[in-house]
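All remarks here apply to the structure that follows.
We name chains A, B, ... by the order of the sequence lines, and we start the count at 1 in each one. Owing to the predicted nature of the structure, the values given are computational and were not obtained by experimental measurement.
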Number of protein chains: 4
Amino acid sequence: MAELFHSSQPIYQQLAERIKKQILRGELTLGEKLPSVRDTGIEVNVNPNTVQRTYRELEAMHIVESRRGQGTFVTDDRVVLDSIREEMKLAVMNEFFQQMYEMGYSNEEIKQGLMEFVNRKGEENR
Amino acid sequence: MAELFHSSQPIYQQLAERIKKQILRGELTLGEKLPSVRDTGIEVNVNPNTVQRTYRELEAMHIVESRRGQGTFVTDDRVVLDSIREEMKLAVMNEFFQQMYEMGYSNEEIKQGLMEFVNRKGEENR
Amino acid sequence: MAELFHSSQPIYQQLAERIKKQILRGELTLGEKLPSVRDTGIEVNVNPNTVQRTYRELEAMHIVESRRGQGTFVTDDRVVLDSIREEMKLAVMNEFFQQMYEMGYSNEEIKQGLMEFVNRKGEENR
Amino acid sequence: MAELFHSSQPIYQQLAERIKKQILRGELTLGEKLPSVRDTGIEVNVNPNTVQRTYRELEAMHIVESRRGQGTFVTDDRVVLDSIREEMKLAVMNEFFQQMYEMGYSNEEIKQGLMEFVNRKGEENR
DNA sequence: GTGGTCTAGACCACA
DNA sequence: GTGGTCTAGACCACT
């Protein structure tokens, strides 16, 4: 079994991140039901309470909606999802630039370095 | 006073990151002496124990070395510093790609999105 | 379709509240027959069991009575209805005062704040 | 011992409400330290985990700030607190009006009913 | 000593 | 069967 979590970040956050991304890239679609807290717990080998904490966090982000007695569902509001995706994309880009900038790279160097990086990646995948 | 630290990451790590970057971008040069644990503590309003821990972490990365009775100094080994810089740059780029990829963006989209982002940033700074 | 229920309160209670108010403000009159459990279920898109539970709660408040084989009817006892209305009005006012008081507002401030509020509301509806 | 909680709402929410109001009405001041999770647990006779859930909720509302190894503190941002107070005041008033309105009372009736209510309350407290 | 995470297990209300 | 709450208790990292 592949190790699913690393230890430097709480499990509930790692799990939330993973599910969030599954939703953002469309692997889980609008309105779809997530597996129950208990089933997910078994699947990723984690206590159901921990899974529930994950679902609670996702609900606070409005990515997911819990309905008592029925289950937990991906939001059916496309607008919310789109805005979250855009927001996250910006955050990731900002973080990247911030980091590079603080290491002393100029905008040009960042651009260039990234191009090389992409191209190298492209070759690797051939 | 502006808030220097956020709460989601240990202060000693945030402080280590900051000093590390100051060194990487040359603000602190090879062999230069860092301020004492006490002085830094006062300056950033943090417990000296915490600063101590920061210096310990930096020493473990070989970015810094402490000399008994003299203080803590930036390493004077340029090679070490260069390799750390390169390593960190790769790590930051990898992290960026990983994140974007997991959100469902293709290499092309990442490249393009980033270009727009840089250009927009360039305009802002005019 | 507009969302009819929020998730923080049981659906059967939300539905009971709604029907109760329809009766209190005379939208459903003394002795009038309520739609069947099944019809209501279809109309508000809810499990008939849940509607059943709603009707049971309303019956326990003596707002409604079910007659075997005939259906569920608004009580025909005006006195009961009046006393429930008065009771609820007092409860709502008490709750309001309690809340404001616990937030640190004095009786005078509550009065004044409320006047402004009403007047502002009046203007909005012009 | 007076009963501190009723059963119809989760303890962690009731506790959060109570502390929130203590802060809003100035009983706990800007930047003040709350008792530790454990101490509060003992005081209100509740499991520390439950208290922590309370503190977490308050932190999510930006009313409170947790600092690792130091404790939990009332926010020191007066602006945040003021806006929360105003927001809550509006919410409470809105809720009140909504309720009365749904029971069939007009704005005038609400105003009048409330005046009587305040005056009666004033007499009681004599 | 402080907050934070996680588990195991019990119990409840809802649908 | 579903989510939600609560407890008891262990363990960890930070200050």
Side-chain angles (χ1 to χ4, degrees), chain A residues 5 7-16 33-41 44-59 64-73, chain B residues 5 7-16 41 45-54 56-57, chain C residues 5 7-15 41 44-54 56-57, chain D residues 5 7-16 33-41 44-59 64-73:
Chain A
F5 302 106
S7 65
S8 54
Q9 201 190 4
I11 292 175
Y12 78 89
Q13 278 183 15
Q14 297 180 52
L15 187 53
K33 185 178 178 304
L34 300 182
S36 82
V37 163
R38 291 158 174 93
D39 287 355
T40 301
V44 299
N45 194 24
V46 142
N47 189 293
N49 282 333
T50 304
V51 179
Q52 193 168 26
R53 170 105 197 245
T54 295
Y55 282 12
R56 204 192 307 147
E57 301 283 324
L58 290 172
E59 192 167 20
V64 128
E65 188 182 348
S66 292
R67 299 188 204 127
R68 50 178 86 226
Q70 298 185 243
T72 302
F73 300 81
Chain B
F5 302 105
S7 64
S8 53
Q9 202 191 0
I11 290 176
Y12 79 88
Q13 277 182 18
Q14 297 180 51
L15 188 53
N45 193 27
V46 145
N47 190 307
N49 287 335
T50 305
V51 179
Q52 181 68 49
R53 173 95 195 252
T54 295
R56 212 189 311 144
E57 300 285 320
Chain C
F5 302 105
S7 64
S8 52
Q9 203 190 359
I11 291 175
Y12 79 90
Q13 276 183 16
Q14 297 180 51
L15 187 53
V44 299
N45 193 26
V46 145
N47 192 306
N49 287 335
T50 305
V51 180
Q52 182 68 48
R53 172 95 196 250
T54 295
R56 212 189 310 145
E57 299 285 322
Chain D
F5 302 106
S7 63
S8 53
Q9 201 191 3
I11 292 176
Y12 79 88
Q13 278 182 17
Q14 296 180 52
L15 187 53
K33 183 178 179 304
L34 299 182
S36 82
V37 163
R38 291 157 175 96
D39 286 354
T40 301
V44 300
N45 194 26
V46 142
N47 188 292
N49 283 332
T50 304
V51 179
Q52 192 167 27
R53 170 104 196 246
T54 295
Y55 282 11
R56 206 192 304 147
E57 301 283 323
L58 290 171
E59 192 167 20
V64 126
E65 187 182 349
S66 292
R67 299 186 204 129
R68 50 179 88 224
Q70 298 184 245
T72 302
F73 300 81

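Comparing A/P48 and C/Y12 along DNA chain E, the residue whose closest nucleotide (by nearest heavy atom) sits nearer the 5' end is A/P48. Between A/D39 and D/Q13, the residue anchored nearer the 5' end of DNA chain F, judged by the nucleotide with its closest heavy atom, is A/D39. Heavy-atom nearest nucleotides on DNA chain E were determined for D/T72 and for A/R67, and the one closer to the 5' end corresponds to D/T72. Nearest-nucleotide mapping onto DNA chain F: of D/P10 and B/Q9, the residue sitting toward the 5' end is D/P10.
Applying the salt bridge (charged side-chain N to carboxylate O under 4.0 Å, His left out) rule to D/R67 yields the partners D/E65; only residues at least two apart in sequence or on another chain are considered. Applying the side chain to side chain donor-acceptor pair (under 3.5 Å) test to C/Q9 and every residue at least two apart in sequence or in another chain returns C/Q13. Under the side chain to side chain donor-acceptor pair (under 3.5 Å) criterion, A/T50 pairs with no residue at all, not counting sequence neighbours. For the side-chain contact (heavy atoms from CB on, under 4.5 Å) test, residues two or more places apart in sequence or in another chain that qualify with D/S36 are D/R38, D/D39.
Annotation: the span from A/Y55 atom OH to A/F73 atom CZ amounts to 11.0 Å, rounded to 0.5 Å. Here the straight-line distance linking atom CD of A/Q14 with atom OG of A/S8 works out to 6.5 Å at 0.5 Å rounding. Interatomic distance, CD of A/Q52 versus OG1 of A/T72, reported as 8.0 Å (0.5 Å rounding).
To the nearest angstrom, C1' of F/dT15 lies 10 Å from CZ of D/R68.
Side-chain contact between A/F5 and A/V44 is present, with heavy atoms from C-beta onward closer than 4.5 Å.
With pairs defined as Watson-Crick or G-U wobble and both atom distances under 3.5 Å, the stems of at least three pairs that touch DNA chain F come out as E:1-14 with F:1-14.
The residue C/N49 sits apart from the nucleic acid: no heavy atom pair falls under 4.0 Å. Contact annotation for D/R56: no contact, since no heavy-atom pair falls under 4.0 Å across all strands.
Protein chain C touches strand DNA chain E; the 5'-most and 3'-most nucleotides with an atom under 4.0 angstrom of its non-hydrogen atoms are E/dC14 to E/dA15.
Judged purely by atom type and a 3.5 angstrom limit, D/E59 uses its side chain to pair as donor or acceptor with the backbone of D/S66.
Side-chain nitrogen and oxygen atoms of B/R53 include at least one within less than 4.0 Å of the OP1 or OP2 phosphate oxygen of F/dC14.
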